[in-house]
Amino acid sequence: MPHLALWWPHASPRLEVLREPFARHAAKPNGYFPTFESFADFLIEWGEVVTEAERRGCGIVGLRC
């Protein structure tokens with residue numbers, strides 16, 4: 001967890017560089033992330049989870065739904 005929290009402040013300002021690769025490789029109108037904005041929003045929200053977990057000294061559990 002500390003490594004993810006450490007890297008998030010460096011990665012978050014650079015999300016825009018992922019726009020073109022996302023459009024080329026991952027954009028699917030009916031996919032999980034149909035637009036770059038939905039993908040970026042997910043990453044930003046995940047960054048908030050990681051940051052808060054680190055602040056609290058907690059870990060994160062990933063469950064497949």
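Bear in mind that the values here come from a model prediction, so they are computed numbers and not experimental data.
Heavy atoms only, all atoms of each residue included: Pro29 and Pro34 are closest at O-CB, 3.3 Å. Nearest heavy atom pair, residue Leu15 against residue Phe36, reads O-CZ, 3.2 Å.
Every residue meeting the ring pair (Phe, Tyr, Trp, His ring centres under 6.0 Å) condition with His10, not counting sequence neighbours, appears here in chain and number order: Trp7. Take Glu48 and apply the side chain to side chain donor-acceptor pair (under 3.5 Å) test, not counting sequence neighbours, and it matches no residue. In this structure Arg55 satisfies the salt bridge (Lys or Arg N to Asp or Glu O under 4.0 Å) test together with Glu52, sequence neighbours excluded. The salt bridge (Lys or Arg N to Asp or Glu O under 4.0 Å) check on Glu20 picks up Arg24, with sequence neighbours excluded. Partners of Trp46 according to the side chain to side chain contact (heavy atoms under 4.5 Å, CB included) rule, which considers only residues two or more places apart in sequence or in another chain, are Val49, Val50, Ile60.
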Using distance only, find each side-chain donor-acceptor pair of residues 38-45 under 3.5 Å and give its atom names and separation, not counting sequence neighbours.
from  : atom 1 : to    : atom 2 : distance (Å)
Ser38 : OG     : Thr35 : N      : 3.3
Ser38 : OG     : Thr35 : O      : 2.7
Ser38 : OG     : Thr35 : OG1    : 3.3

